[in-house]
Asks: 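My questions will all concern the structure given below.
Just so it is clear, the values below take in all heavy atoms, side chains as well, and ignore hydrogens, waters and symmetry mates. The model shown is predicted, which means the values in this text are computed figures rather than measured ones. Chain letters run A, B, ... following the sequence lines, proteins first and then strands; every chain starts at 1.
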Amino acid sequence: MAPKDPAPAQPASNFIRHIVEADLAAAKYASRRWAGEPGEATRHASGPLDPARIRTRFPPEPNGYLHIGHAKSICLNFGLAREFGGACHLRFDDTNPAREEQQYVDSIIDVVKWLGFDWGPNLYFASNYFEAMHRCAVALIERGHAYVDSQSAEEMRANRGTLTEPGKDSPHRARSVAENLDLFARMRSGEFPDGAHVLRAKVDMASPNINLRDPPIYRIRHAQHHNTGDTWCIYPMYTFAHPIEDALENITHSLCTLEFEDQRPFYNWLLERLHEAGFFAQPLPQQYEFSRLNLSYTVLSKRKLMQLVEEGHVDGWDDPRMPTLAGARRRGFTPEAFRAFAERIGVSKSDSWIDVGVLEDCVRNHLNEVAQRRIGVLDPVKLIIDNYPEGQTETCVAPNHPQRPDLGTRELLFARELWIEREDFMLTPSKGYFRLYPGNRVRLRYGYVVECTGCEQDAEGRVVAVHCNYFPDSHSGSAGADQYKVKGNVHWVAVQAACECEVRLYDRLFGVSNPGAGERDFLLDINPDSKRVIRAQLEPALRQTQAGSSCQFERHGYFVADRVDSKPGAPVFNRTVTLRDSWAKAR
RNA sequence: UGGGGUGUAGCCAAGUGGUAAGGCAGCGGGUUUUGAUCCCGCCAUUCCCAGGUUCGAAUCCUGGCACCCCAGCCA
């Protein structure tokens with residue numbers, strides 16, 4: 001028997017995985033039937049056994065852009081389905097016509113795909129279930145489980161009670177089934193203005209759980225819906241719609257965030273009543289809650305993100321500094337990084353603040369493996385090699401990846417005048433500095449070892465050129481190269497070959513770990529240096545970078561050709577994330 | 001102060017009665033033509049607190065404490 005491999009770095013399990021494993025072991029969902037599309041019990045009963053062992057769903061409301069918090073939920077739901085031979089539905093929870101728009105639907109589809117997930121034929125809209133939901137509501141009324149309330153919103157609030165006092169029954173709570181049916185039909189036909197009536201579930205006005213104090217389930221809203229137009233003027237509330245959507249779609253595990261915990265008793269109450277009425281078969285979907293993501297140095301609330309965009313603190317929803325997935329994509333973050341991140345942070349019910357450093361580490365991790373190395377001089381100053389013949393040039397060979405020879409090499413033009421990084425020279429070096437300073441030797445990466453001889457300064461004392469001499473027998477790869485022991489290793493690009501490009505140096509949008517903590521205005525915590533636009537001198541191969549393609553600028557970080565502003569032959573680069581820099585930290 | 005939740009290292013997190021995994025951060029060292037990567041080592045005598053049960057408790061019991069969520073015709 002072969003020796004056992006060391007245990008692979010396996011992610012820790014989580015409570016939801018345990019639940020799924022237990023349900024599968026108990027064959028809890030094995031006898032479910034699936035009609036091939038959402039439907040009521042009788043419809044599904046006519047179909048074959050459900051080929052999906054479990055069904056989950058990601059149910060965004062199409063009223064904004066998805067952000068990193070959604071990525072956690074997407075990876076959880078789609079990941080679970082993938083892992084256990086199930087299906088994950090992409091469902092738009094568009095039950096409120098007010099702020100839902102097609103452009104959000106499009107961007108959500110785009111970004112879930114980008115994250116690497118596939119819903120197959122299971123793309124659904126809650127609004128396509130409005131007829132079924134309406135039938136459910138009528139059945140509830142017929143069975144005495146719902147009534148039309150005609151109190152004003154203020155009256156309803158007053159009668160709802162408080163956290164410590166029970167509510168009071170509405171004067172309309174005892175209306176007859178016939179009257180309720182009539183009123184509800186007239187609500188639907190458009191006879192009443194917004195707010196005149198509301199359909200309420202009849203549960204318990206004295207419940208200690210406020211969500212059970214006869215929650216409204218249908219309201220009148222004379223508005224255009226992005227999908228159903230003006231077909232309806234009454235719309236179901238989330239509380240009512242969501243369990244039905246899950247049941248119609250044969251969802252087994254309905255995962256949501258912690259703030260919906262108090263909603264679960266109603267979720268179960270409703271589905272049990274509808275099961276009694278013959279709409280849905282057991283086993284019914286079950287709701288499970290996990291804690292939502294909080295990220296340091298970031299805000300994720302829709303209100304705040306909206307404010308950042310509308311007040312122009314950033315350049316739109318897909319600004320590379322935004323925590324939206326569209327922004328992260330433009331920034332150069334990768335789907336692989338997000339999936340690793342989701343796995344790494346786990347799923348639990350405790351309130352947590354994840355350090356953005358974890359996400360950044362996932363990004364570096366992935367990019368380190370796949371990004372080809374290139375040279376970019378971001379803050380150029382001229383290096384003149386005085387003993388290198390004027391007019392002479394040669395080529396140096398550089399690997400595209402130090403750990404992956406399979407990725408090949410590329411050539412760099414070497415000449416007498418090079419651009420180097422301004423911070424790679426110091427007239428009077430600080431302690432521990434081992435780059436260029438008079439008398440010190442460094443290697444010009446993939447080229448020669450040089451010894452610094454001095455510099456030229458302008459009237460203000462600013463360095464305008466650095467001078468050095470090279471050692472002809474020190475060329476990288478040559479027999480004598482090893483005789484030169486230098487600590488410093490400096491990147492460069494020949495002045496005559498360099499390609500000048502715009503580069504955006506992005507940093508964290510907020511300068512503090514918890515923007516807007518307490519009563520403080522979060523806008524005051526914006527990092528004023530979160531975006532710096534520079535002109536950089538790049539190695540010529542970079543000119544052909546495809547929009548959206550990432551590489552490492554050696555010794556700097558990972559950069560991506562902006563997918564919006566890059567033109568063929570004229571890329572614009574965004575800094576995705578810097579390399580770790582223990583020297584900068586030491587200073 | 002009604003109901004629902006959660007407390008394991010600086011930040012996450014596994015652990016489900018048998019003697020505290022792992023990751024991030026941090027610290028120290030090695031390799032290195034990226035001050036990168038990679039590798040090695042260190043980093044909780046203790047799991048919110050106090051009692052109790054048990055040969056044995058982060059896990060079970062009792063009592064506290066802290067924090068989060070809920071009173072939209074939003075989701």
Side-chain angles (χ1 to χ4, degrees), chain A residues 7 9-14 18 59-61 63 93 95-96 98-99 149 151-153 156-157 160-167 194-200 207-213 215-221 235 237-239 241-242 256-265 289 291 296 302 343-355 357-362 364-365 368-369 373 375 398-399 401-403 432-435 442-447 449 476-477 481-482 484 486-491 513 552-557 578-586:
Chain A
Q10 217 175 64
S13 195
N14 60 58
H18 289 316
E61 183 188 14
N63 71 346
D93 208 352
T95 55
N96 184 346
R99 288 218 322 271
D149 197 354
Q151 296 182 101
S152 67
M156 269 184 60
R157 191 184 318 121
R160 187 151 29 227
T162 67
L163 294 179
T164 54
E165 303 158 42
D194 290 7
H197 305 281
V198 68
L199 185 68
R200 288 230 252 174
S207 173
N209 180 348
I210 291 174
N211 297 286
L212 255 21
R213 317 239 263 232
I217 57 178
Y218 259 97
R219 77 285 217 187
I220 301 171
R221 196 72 107 229
Y235 291 91
M237 303 281 293
Y238 165 87
T239 313
H242 207 88
C256 60
T257 43
L258 247 25
E259 65 270 26
F260 294 99
E261 254 174 333
D262 292 342
Q263 211 82 235
R264 182 165 16 103
E289 310 85 11
S291 61
S296 66
K302 193 167 285 177
E343 206 51 71
R344 206 183 268 194
I345 61 177
V347 180
S348 75
K349 297 183 74 132
S350 47
D351 302 319
S352 60
W353 277 90
I354 307 291
D355 191 328
V358 177
L359 212 209
E360 292 169 348
D361 186 66
C362 290
R364 286 193 189 99
N365 228 4
N368 177 48
E369 281 175 31
R373 311 293 127 121
I375 287 172
H401 190 116
Q403 281 83 38
Y433 187 83
F434 54 63
R435 278 114 91 151
V442 301
R443 178 171 293 281
L444 295 173
R445 211 159 153 69
Y446 313 124
V449 171
S476 290
D482 289 349
Y484 293 85
V486 293
K487 287 188 87 174
N489 214 300
V490 166
H491 63 273
S513 66
Q552 183 195 97
F553 287 4
E554 297 190 24
R555 303 211 296 140
H556 282 304
T578 61
L579 255 28
R580 277 205 196 78
D581 188 349
S582 56
W583 167 241
K585 204 186 293 180

Asks: Taking any strand in view, what nucleotide pairs with B:C67 in a Watson-Crick or G-U wobble way, both distances under 3.5 Å?
Replies: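 Checking every strand shown, B:C67 finds its partner in B:G5, with both distances under 3.5 Å.
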Asks: Given B:A75, B:C24, B:G3, identify the nucleotide with an atom nearest to the side chain of A:Q263.
Replies: B:A75
Asks: Rounded to the nearest Å, what distance is computed from the CG atom of residue A:D581 to the P atom of nucleotide B:G35?
Replies: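 It is 9 Å, rounded to the nearest whole Å.
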Asks: Which is true for A:P60 with a 4.0 Å heavy-atom rule: it touches a base, it touches only sugar-phosphate, or it touches nothing?
Replies: nothing
Asks: Which whole-number value in Å describes the distance from A:Q552 CD to B:A36 P?
Replies: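 Taking atom P of B:A36 as the reference, CD of A:Q552 is at 12 Å.
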Asks: For A:E289, report the nucleic acid contact type (base, sugar-phosphate, nothing); a contact means any heavy atom under 4.0 Å.
Replies: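 The answer is nothing, as A:E289 stays clear of every strand by at least 4.0 Å.
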Asks: I want to verify a distance call: between B:C12, B:U34, B:C38, whose nearest atom is closest to the A:L579 side chain?
Replies: B:U34
Asks: Looking for any heavy atom pair under 4.0 Å, which part of the strands does A:E259 touch: base, sugar-phosphate only, or nothing?
Replies: sugar-phosphate
Asks: Which class fits the ring pair A:F260 and A:Y238: parallel under 30°, tilted 30 to 60°, perpendicular over 60°?
Replies: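 Tilted, since the angle between the ring planes falls between 30° and 60°.
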Asks: Side chain of A:D93 only, heavy atoms from C-beta on: which candidate in B:G5, B:U34, B:A75 is closest?
Replies: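 For the A:D93 side chain, the nearest candidate turns out to be B:A75.
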Asks: What nucleic acid atoms does A:H491 come within less than 4.0 Å of, heavy atoms only: base, sugar-phosphate, or nothing?
Replies: nothing
Asks: In whole Å, measure the gap between the P atoms of B:C12 and B:C48 for me.
Replies: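 It works out to 14 Å between them.
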Asks: Starting from the 5' end of RNA chain B, give me the residue, A:H242 or A:E165, whose nearest nucleotide shows up first.
Replies: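 Closest to the 5' end, via its nearest nucleotide, is A:E165.
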Asks: Could you tell me whether A:G432 contacts a base, only the sugar-phosphate backbone, or nothing, with contacts defined as non-hydrogen atoms closer than 4.0 Å?
Replies: base
Asks: Just call it for A:E554: base, sugar-phosphate, or nothing, with non-hydrogen atoms closer than 4.0 Å on any strand.
Replies: base
Asks: Check the distance between B:G23's P and A:D355's CG and give it to me in whole angstrom.
Replies: 16 Å
Asks: Would you classify A:F434 as touching base, sugar-phosphate or nothing, given that sugar-phosphate means primed atoms plus P, OP1 and OP2, and contacts are heavy atoms under 4.0 Å?
Replies: base
Asks: Expressed as a whole number of Å, how far does the C1' atom of B:C42 sit from that of B:A9?
Replies: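 The same atom, C1', in both gives a distance of 14 Å.
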Asks: Looking only at side-chain N and O atoms, does A:R580 come under 4.0 Å of OP1 or OP2 in B:G35?
Replies: no
Asks: Closer than 3.5 angstrom, by distance alone: can the side chain of A:N209 be matched with the main-chain N or O of A:D262 as a donor-acceptor pair?
Replies: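 Pair found, side chain donor or acceptor close to backbone of A:D262.
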Asks: For A:N14, report the nucleic acid contact type (base, sugar-phosphate, nothing); a contact means any heavy atom under 4.0 Å.
Replies: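 Sugar-phosphate contact only - A:N14 comes under 4.0 Å of backbone atoms but never of a base.
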Asks: With heavy atoms under 4.0 Å as the rule, sort A:V347 into base, sugar-phosphate or nothing.
Replies: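 If one applies the 4.0 Å heavy-atom cut-off, A:V347 turns out to touch the sugar-phosphate alone, with no base involved.
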Asks: Would you measure the distance from the P atom in B:C43 across to the matching atom in B:U37 and give it in whole Å?
Replies: 23 Å
Asks: Does A:S348 put a side-chain nitrogen or oxygen below 4.0 Å from OP1 or OP2 of B:A13?
Replies: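 Result: yes.
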Asks: Considering only side-chain heavy atoms of A:P208, which listed nucleotide, B:G4, B:G3, B:C38, is closest?
Replies: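 Minimum distance to the A:P208 side chain belongs to B:G3.
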Asks: So, does A:H401 get its side chain near the phosphate of B:U34, meaning an N or O under 4.0 Å from OP1 or OP2?
Replies: no
Asks: Identify whether any heavy atom of A:Y484 sits under 4.0 Å from a base atom; if not, whether one sits that close to sugar-phosphate; answer base, sugar-phosphate or nothing.
Replies: nothing
Asks: Taking only the C1' atom of each, what is the distance from B:U32 to B:G18 in whole angstrom?
Replies: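 The same atom, C1', in both gives a distance of 46 Å.
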Asks: When rounded to the nearest 0.5 angstrom, what is the spacing between CG in A:D351 and CG in A:L258?
Replies: 6.5 Å
Asks: Is there a donor-acceptor pair closer than 3.5 Å between any side-chain N or O of A:R157 and the backbone N or O of A:S152?
Replies: no
Asks: Between the base of B:U34 and the side chain of A:R373, is one N or O donor paired with an acceptor at under 3.5 angstrom?
Replies: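 By the distance-only test, yes, there is a pair.
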Asks: Quick one: do the A:S348 and A:S350 side chains pair a donor with an acceptor below 3.5 Å?
Replies: yes
Asks: Can you tell me whether the base of B:G72 sits syn or anti, using the 90° cut around 0 to define syn?
Replies: syn
Asks: Roughly, in whole Å, what's the span from CH2 in A:W353 to C1' in B:U6?
Replies: 16 Å
Asks: Closest to the A:L258 side chain: B:G5, B:U34, B:A36?
Replies: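 Nearest listed nucleotide: B:G5.
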Asks: Do other residues, nucleotides or ligands put more than 12 heavy atoms under 6.0 Å from the NZ atom of A:K487?
Replies: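 No, the 6.0 Å shell around NZ holds no more than 12 heavy atoms from other groups.
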Asks: State, yes or no, whether a side-chain contact exists between A:D361 and A:R580 at a heavy-atom distance under 4.5 Å.
Replies: yes
Asks: At under 4.0 Å, does any side-chain N or O of A:K585 touch on OP1 or OP2 of B:G26?
Replies: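 Checking A:K585 against B:G26: at least one side-chain N or O falls below 4.0 Å of OP1 or OP2.
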Asks: Both A:K349 and A:D262 contact RNA chain B. Which one's nearest nucleotide lies toward the 5' end?
Replies: A:D262
Asks: Give the rounded distance in Å between these two atoms: CG of A:D351 and P of B:G4.
Replies: 17 Å
Asks: Below 3.5 Å, does any donor atom in the side chain of A:E369 face an acceptor in the base of B:U37, or the other way round?
Replies: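 Answer is no: no donor-acceptor pair is held.
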Asks: When the C1' atoms of B:C49 and B:A58 are compared, how many Å lie between them, rounded to an integer?
Replies: 14 Å
Asks: Look at A:S350 and B:A13 and indicate whether a side-chain polar atom (N or O) is within less than 4.0 Å of OP1 or OP2.
Replies: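 For B:A13, OP1/OP2 do have a side-chain N/O of A:S350 under 4.0 Å.
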Asks: Restricting both atoms to N or O, compile the protein contacts to nucleotides 71-74 of chain B shorter than 3.5 Å, with distance only.
Replies:
residue : atom : partner : partner atom : Å
B:A71   : O2'  : A:R160  : NE           : 3.1
B:G72   : OP2  : A:R160  : NH2          : 3.3
B:C73   : OP1  : A:R160  : NH2          : 3.4
B:C73   : OP2  : A:R160  : NH1          : 3.2
B:C73   : N3   : A:G195  : O            : 3.4
B:C73   : N4   : A:Q151  : O            : 3.1
B:C73   : N4   : A:A153  : N            : 3.4
B:C73   : N4   : A:G195  : O            : 3.0
B:C74   : OP1  : A:R221  : NH2          : 3.2
B:C74   : OP2  : A:R219  : NE           : 3.0
B:C74   : OP2  : A:R219  : NH2          : 3.0
B:C74   : OP2  : A:R221  : NH2          : 2.4
B:C74   : O3'  : A:N96   : ND2          : 3.3
B:C74   : O3'  : A:R219  : NH2          : 3.1
B:C74   : O2'  : A:N96   : ND2          : 3.3

Asks: I'd like the C1' distance from B:G41 over to B:U46, given in whole Å.
Replies: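 Taking atom C1' in both B:U46 and B:G41, they lie 23 Å apart.
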Asks: Round to the nearest Å and state the distance from A:Y235 atom OH to B:A75 atom P.
Replies: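 For the pair A:Y235 OH and B:A75 P, the rounded distance is 12 Å.
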Asks: Any side-chain heavy-atom pair from A:L579 and A:Q552 closer than 4.5 angstrom?
Replies: yes
Asks: B:C27 and B:C70: how far apart are their C1' atoms, nearest whole angstrom?
Replies: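 Here B:C27 and B:C70 have their C1' atoms 45 Å from each other.
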Asks: Pick base, sugar-phosphate or nothing for A:N368, based on heavy-atom distances below 4.0 Å to the nucleic acid.
Replies: sugar-phosphate
Asks: Partner lookup for B:U45, please. Criteria are Watson-Crick or G-U wobble with both distances under 3.5 angstrom; report none if nothing qualifies.
Replies: none
Asks: Do side-chain atoms of A:R373 reach the backbone of A:E554 as a donor and acceptor pair under 3.5 angstrom?
Replies: no
Asks: B:C74 and B:C11: how far apart are their P atoms, nearest whole angstrom?
Replies: 39 Å
Asks: Flag the pair A:N96 / A:R219 as yes when at least one side-chain heavy-atom distance between them is below 4.5 Å, and no otherwise.
Replies: yes
Asks: Rounded to whole angstroms, how far apart are CD1 on A:I345 and C1' on B:C12?
Replies: 8 Å
Asks: In whole angstrom, give the distance that lies between atom CG of A:N365 and atom P of B:C24.
Replies: 8 Å
